[in-house]
Every structure is written in C-alpha cells, then in structure tokens.
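Down below is the structure, laid out as structure tokens.
No experiment lies behind these values; they were computed from the predicted model shown. Chain letters run A, B, ... following the sequence lines, proteins first and then strands; every chain starts at 1.
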Number of protein chains: 2
Amino acid sequence: MNENAAVSALAALAQEARLRVFRTLVGAGPTGMTPSALAAALDIPATTLSFHLKELVHADLITVERQGRNLHYRPALAHMNALLGYLTDHCCQGQACIPSVRKRRATC
Amino acid sequence: MNENAAVSALAALAQEARLRVFRTLVGAGPTGMTPSALAAALDIPATTLSFHLKELVHADLITVERQGRNLHYRPALAHMNALLGYLTDHCCQGQACIPSVRKRRATC
DNA sequence: TTCATAGTTCCAAGATTATAGAACTATAGA
DNA sequence: TCTATAGTTCTATAATCTTGGAACTATGAA
C-alpha cells in the first residue's frame, strides 16, 4: 500500500453511502451481496448505488463476480487491512501507539 | 467514534496534501510544527496549507496552539487511533481478521 | 507607536463528486 | 426468438472541494 492507494481507499470510504455499503458487505460475509439486495437494505436508487459500487471497486475495496443473472459484491478484506496497516505505520512513526489502542487493536 | 466522525476523519485524510501534512506532523512528534515549517517542508502555498490545516482541525485529527507569534500544529493521535478502532471493528465484524494482519497490527 | 513576521480569512475560478432518470446490455427462462 | 429481470452506462444538474492571490488580524520587537 502506497500513498496513492491509501488516498484512493480513504476517498472511497469517506462518503456516507459508500461506508455503509462497505460495512454492509463486510457484515454479509463471504457470500457477498447483489446490488438489488444492497439497494433494498440501504434504500439507495440503483443508479446511485452502481456509481458507488464502481468507486469501491476502483479503490480495490470490494470485488465483483457474476453468477448467472446476479452480481455478487464482496469486501476485499486484505486490501482494507493493508489500508489499516498503512495508517497504523504512519500514525505510530517515531513513537509508540497510545496503550489503550495497542490493547484494543490486538483483540481484533 | 460514530459513523459521522469516521466519515469526517476519512474525508480529511483522503486528500494527498492533507495526508502528507498529517504524516509530517506525526513524524514531527509532540513538539508539532508551525505552518511555515510545514509550508517549507511540503512546498505548499500558505493559503492552501491553511485551508487544509483547518480541515484537519475540524475533523479533530490535529490540534493547534499558539506560542507567541507561532502556531504549533500537532497530530491528535487519540482520535486517529479511534478511527483505526472504528475501521477495525467494522472490517472484522462477524469474522476473524486475516491472520497476517492480526499479527502486524499487534506489533504497532 | 511603528514595523516586520506569522498566519488567517476572503474571494473567485476551476475541478471534482454525487444524484438519479432514461436508455442500454446481459442473462435466464418460456 | 421473445420477454422479464438484473444491473450498468449515459447524461445533465447540483453540490462540494481545491487552489492561490489579495487583504486582513495578531503578536513581538525596535
């Protein structure tokens, strides 16, 4: 994860609808969710949702796979974790994390 | 850290100049840095820098304190760690972190 | 006071992002 | 092939963000 990728991923998550989409996909687990299920769950018009899904795909935070007539979107947890790693590295640079966080993070 | 605060913090970091400012402040340690030092280090015009610093302050990611004629900006590490905690919680929801990340995160 | 330095706010322009209807593409089933 | 369903792309509009010069505010020193 470099600076550009980090900015892209952060920008993708820095929007209420997209953060909700991502969180919902994470909650859905490895099966993923179709756009129609997401649209119903989050009450977002199909075209708007499609726009946001594309943003998340471009930022490598979710993946998509077709199964018959449906698409399945899934969270790219490895990339999300790479982002967390990048932020962790650059928030701790030159000093220790504050203890409360070191503890909470280890229980993840 | 709630959804709104997370979106604000993510948006504040989702911009190349601001991410660099934040990283530079983290690197500077507890003394912080003045806007002129930041402007020199990052080659950003004063007005543009001031705009970005305000965004970061509004997102609670940095703090500012006047000392005589100078201002000292410092990273708000607790808030940054709260953001990481929020993201960690919502990326791991319902399933374990992938192992490689659990390891790396614990060494932070 | 007066001046210089540090930094901000004001402002206008340009660029980017978000929203959602209409039209289009792809797939499965009859 | 024809039709219905799933989803996307096209398009226009509105909103928001970014940039940086000019003018302004605040502080310390002479």
A/R18 side chain vs A/A11 backbone, donor-acceptor pair below 3.5 Å: yes
Separation of atom NE2 in B/H72 from atom C1' in D/dT27, rounded to whole Å: 13 Å
side-chain contact (heavy atoms from CB on, under 4.5 Å) between A/L13 and A/M80, worked out: CA-CA 10 Å; A/L13 295 173; A/M80 180 61 179; 3.9 Å; yes
Atom-pair distance (CD on B/E65; C1' on C/dT8), nearest Å: 18 Å
Atom pair distance, as rounded to whole Å: CG in B/L53 and P in C/dT9: 11 Å
Distance, rounded to the nearest Å, where A/K54 contributes NZ and D/dT8 contributes P: 10 Å
Spacing of B/H58 atom NE2 relative to C/dT8 atom P, expressed in whole Å: 12 Å
Separation of atom CG in A/L49 from atom C1' in D/dT9, rounded to whole Å: 14 Å
Nearest-angstrom distance from the residue atom CE of A/M33 to C1' of D/dA6: 15 Å
Side-chain N or O of B/Y73 closer than 4.0 Å to phosphate OP1/OP2 of C/dT8: yes
Residue A/N2 excluded, over 12 heavy atoms near CG under 6.0 Å: yes
Nearest non-hydrogen partners of A/V7 and B/Q15, listed with the distance: CG1-N, 4.1 Å
Summary of protein contacts for nucleotides 14-26 of chain D, nucleotide by nucleotide, where a base hit scores B, a sugar-phosphate-only hit scores S (4.0 Å, heavy atoms): ----BBBBB----
Connected via hydrophobic side-chain network under 4.5 Å: B/F51 and B/I44: no
Atom-to-atom span, CG of A/N70 to P of C/dT27 - whole angstrom: 12 Å
Same cluster (ILVMFWY, side-chain, under 4.5 Å), A/V26 and A/L71: yes
